[in-house]
Asker: 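The structure that follows is given in the form of structure tokens.
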Amino acid sequence: MIDTIFERISFIKPDRPLKREYTGENLAPMFRKKVNIAKTGNARLYVCGLGYGYFYVNGKKVTEDVLDAPVSDYRKTLWYREYDVTALLEEGENCFAVWCGNGWYNEEFKTSWNHNEAAWRDVPKFILRLDVDGETVLVSDDSWKCLPEGPITFNALRSGEYFDARRYDEAWNTAAFDDSAWENAVRDTNPPTGVFRRCDCEGICEAEIYPTKSVLKTGEKRYVYDLGQNMSGYARIIAKGKAGQVLTIRYGEQLKENGELELNNMTHHYKESPFQTDRLTLSGKAITWSPRFCYHGFRYIEVEGIEAPEEINVSGVFVHQSVEMRSSFACSDGYLTSLFRMGQYSTWSNMFYMITDCPTREKLGWANDAQSSCEQILTDFKAEHVLEKWLFDIYDAMREDGALPGIIPTGGWGYTWGNGPVSDGILFEIPYRIYLHTGNAEPLRRSRPYFDRYFAYLVTREEEDGYVRFGLDDWARPSRREGKEENVVPSAFINTALIYRFYEIAALAARLDGADDEVYCAEMQKRKEMLIRDFVNPDGTCTVPRQTAVSMLIYYHICEDTAPLAKQLASLVEAADFHHDCGMVGLRRLYYALNACGLEEYAYKIITAAGYPGYREWVDGDATTLWEYWDTIPHADSKNHQMYSDFMSWIIKTILGIRTEITAPAYESIRITPHFLRALSYASGYVDVPRGQGKIAVSWKKFGLAAELQITIPEGIHAEYDGRELHAALRRGQHRA
């Protein structure tokens, strides 16, 4: 259904041409309009700013959210927001103001992902409608005043922002401001072609502010500030200084051995623009400043151009989607508790209207990363609205032939590399996990035509033997440090196992939609027979003796007799000295495969193992978030990735034992199955049940050979422990550990 909220209303923009080549200067136009309003009843403001827009009424922000409008393929979907601005209006003259920046809509510099070539590119613009008591009293048109070249002389979401305080008047968005020198905006004669959709998911917020922990002078007029926490966001600078004094602000995740900021050599990806660099030109007056139209990934902030250190205060603002935690966890192992927190911060740092890979280098919606972490995200975060928004972007990214790109949204890159079932599975994973965790089956039903289109595309990619061999494999294997390529599982195996799962999800969607699932079930059986025929030995073991392959056979229940596979997997883990020897595909399934074999202790040993490759090496190396690679040696890769975060879901489901079942989604019927692991003396945590019933809380503490277990079940939840039904009450008991 097409949203007609902006019917016969125009986007407006500055009367300036789009620059096709990178110049280091671009637009962040400012707009304003005064209007008389006779009454101040119920007022609703509908807005869409491209790439990003900030909206003001009588000098006050319409919202504390930042970095709106949500990213999309602007040729397909334009996400708009609706705000209640009743309290901001005054009877009589009112001033409305808008400040627009480039965002994803207008990236003019070259990178490896070619957003500068996106067909949608244009100068920043916005569309607006104000209704008071159901009557439209203001729209965006060419009567609005515009300042094309304002105090922001450069803004690029993935590069930085340059702000000249000498050119800024704080009263610009109030009725008292004299805008006689401003020119008129122009109507957009070539507007974006996407349909409007109201965005109802949580906005992006300034969640926390981190003060400086320590300061180190690293050069003439140059200092590095350590915030003690890696994060997504930007600096908050409080300074005065001299008029014309320039502060160059750079962001990094690590330091060199001499204490200087490691800027990460990004010339391969950022061919023209500086990487993670802001500039603030002072006016001589005191200022509190942060960039408006970009964000970075960092723990350290370098400021160059400081005349007197005491005249500047630097802190870090943690910026991310305003999504609450759904779970909590703590235990007697301080390392594991810290690791869980690191996973939280990496997940938050990669929520920006899509699930990104990192807040530093790319900020892209890598589908393979998200497929590996989607289950964790919905186990631990109330992220269903963000993921459902992103699901529409995934629909938009699908070509007519059914192909999907590796990054979503995309300006056109990613259909020939970075995709394949390892990535494309996000189309299936998001609606399936939303259903399991919230009970909402609509995304599954709505996705069915896209499932079928994708299946038709897979047929075109099948080779003579029936296998699909394109796309990523078991990505980011830990053999990278040694330069080895030994742990390669054939793409034919990985893709076939994943496609088996895709058909299983499609069959579920069909049943929920009241349709026949016979075709999907037949395709599932076909893939199962292929895997057994070509990848299972007569003795029941896997022909590919790798953790990934064996785990996938167990995880997807391919073989009826799993005993030989269980023994094989145990041997592989033991041979690796209880370390994982797989990439993101295998790691996502390894822990649960071990659970299915009754080897929960093995999974715990892997998660807590010392030495390479392992999470503990990161923690011992002063990490505060999860990394992209298992190496601890300095290099230019991300120190804030969420793709290895699924251990958090395993912790909730295994150590606490809070599990949701496919037959009864949304935790309506669960089995509480905590595991009293040998190395732990206590554990506690909860999962906040959807629909607001309350929390399923589990805590246990050992006393010698016994354990006290406490379970809290909200009303309306059917739960069992050890074969006994639990009701909405606190249950205490002594159980053998």
Side-chain angles (χ1 to χ4, degrees), residues 28 47 49 51-57 59-71 81 83 88 97-104 151-152 155-158 160-161 163 165 168 170 173 199 201-213 225-239 249 251 253 276 278 280 287-301 303 312-325 341 344-356 358-360 363 381-383 385-386 389 624-625 640 642:
V47 291
Y52 291 139
Y54 290 86
F55 300 86
Y56 306 85
V57 178
K60 298 178 180 178
K61 295 178 182 178
V62 167
T63 176
E64 292 300 318
D65 292 346
V66 299
L67 302 174
D68 262 342
V71 59
R81 289 288 194 179
Y83 299 108
L88 299 179
V98 182
W99 201 343
C100 287
N102 289 308
W104 287 107
I152 295 177
N155 70 106
L157 172 64
R158 294 196 295 166
E161 181 173 309
F163 180 85
Y168 182 65
E170 292 183 351
N173 51 16
C199 185
C201 73
E202 299 84 350
I204 297 172
C205 68
E206 294 186 347
E208 296 178 77
I209 296 179
Y210 283 81
T212 295
K213 296 291 186 182
Y225 298 79
D226 181 3
L227 306 173
Q229 173 65 51
N230 203 354
M231 69 187 84
S232 55
Y234 38 67
R236 178 136 297 153
I237 305 293
I238 302 175
I249 303 148
Y251 301 78
E253 296 182 300
Q276 294 210 142
D278 299 331
L280 170 61
I287 186 174
T288 300
W289 177 85
S290 292
R292 290 171 172 81
F293 298 112
C294 67
Y295 74 93
H296 309 286
F298 62 98
R299 170 176 170 171
Y300 304 95
I301 299 173
V303 183
I312 184 172
N313 178 275
V314 179
S315 55
V317 184
F318 187 20
V319 176
H320 58 75
Q321 207 95 38
S322 185
V323 170
E324 297 178 4
M325 288 293 299
R341 180 186 183 276
Q344 291 175 343
Y345 274 69
S346 282
T347 306
W348 265 324
S349 294
N350 286 288
M351 281 192 198
F352 285 82
Y353 292 114
M354 55 182 167
I355 305 304
T356 64
C358 61
T360 49
K363 302 178 175 68
F381 293 84
K382 300 177 182 179
H385 301 305
V386 173
K389 177 268 173 190
T624 61
T625 45
N640 199 351
Q642 45 73 34

Asker: Nearest 0.5 Å please: distance from the SG atom of C205 over to the CH2 atom of W348.
Answerer: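 One gets 9.5 Å once the value is rounded to the nearest 0.5 Å.
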Asker: Is there a donor-acceptor pair closer than 3.5 Å between any side-chain N or O of S232 and the backbone N or O of G297?
Answerer: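 No, the answer is negative, given that no donor and acceptor are paired below the 3.5 Å cut-off.
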Asker: Search all heavy atoms of A165 against all heavy atoms of I287 and return the closest pair with its distance.
Answerer: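 The pair with the smallest heavy-atom distance is CB-CD1, 3.8 Å.
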Asker: Among all residues two or more places apart in sequence or in another chain, which pass the side chain to side chain contact (heavy atoms under 4.5 Å, CB included) test with D68?
Answerer: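 Scan of D68 (side chain to side chain contact (heavy atoms under 4.5 Å, CB included), adjacent residues dropped) gives D65, P70, R81, Y83, Y353.
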Asker: Do you know which two heavy atoms are closest between D278 and W289, and how far apart they sit?
Answerer: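 Closest approach of D278 to W289: CB-CH2, 3.8 Å.
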Asker: With heavy-atom distances below 4.5 Å as the criterion, would you say the side chains of N640 and C358 are in contact?
Answerer: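 The answer is no, as the side chains (C-beta and beyond) never meet within the 4.5 Å cut-off.
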Asker: To the nearest 0.5 Å, what is the distance between NE2 on H320 and CE on M351?
Answerer: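 Here the interatomic distance stands at 8.5 Å.
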Asker: Fit a plane to each ring of W99 and F293, take the angle between them on a 0 to 90° scale, and name the class: parallel (under 30°), tilted (30 to 60°) or perpendicular (over 60°).
Answerer: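 W99 vs F293 ring planes: perpendicular.
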Asker: Is any side-chain heavy atom of D226 closer than 4.5 Å to one of R299?
Answerer: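 Counting from C-beta outward, R299 and D226 do come under 4.5 Å.
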Asker: Should T212 and L227 count as side-chain neighbours, where that means a heavy-atom distance under 4.5 Å?
Answerer: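 In contact.
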Asker: Is there a side-chain contact between F298 and M231, using heavy atoms and a 4.5 Å cut-off?
Answerer: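 Yes, side chains in contact.
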Asker: On the 0 to 90° scale, with breaks at 30° and 60°, tag the H296-Y251 ring pair as parallel, tilted or perpendicular.
Answerer: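 Plane angle under 30°, so parallel.
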Asker: Kindly indicate whether the side chain of Y54, heavy atoms from C-beta on, has any atom under 4.5 Å from the side chain of N173.
Answerer: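 Sidechains of N173 and Y54: no contact.
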Asker: Side chains of F318 and E206: does their closest heavy-atom pair fall under 4.5 Å?
Answerer: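 Result no, sub-4.5 Å side-chain heavy-atom pair not found.
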Asker: A156: which residues meet the side chain to side chain contact (heavy atoms under 4.5 Å, CB included) condition with it, sequence neighbours left out?
Answerer: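 Only F109, F154, S159 meet the side chain to side chain contact (heavy atoms under 4.5 Å, CB included) criterion with A156.
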Asker: For S315 and R236, does a side-chain donor sit closer than 3.5 Å to a side-chain acceptor?
Answerer: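 No, no side-chain donor-acceptor contact under 3.5 Å.
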Asker: Is there a side-chain contact between N230 and Y345 in this structure, where contact means two heavy atoms from C-beta onward sitting under 4.5 Å apart?
Answerer: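 A side-chain contact is absent here, since even the closest heavy-atom pair is not under 4.5 Å.
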Asker: With a 4.5 Å limit on heavy-atom distance, are the side chains of V71 and F352 in contact?
Answerer: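 V71 vs F352: side chains apart.
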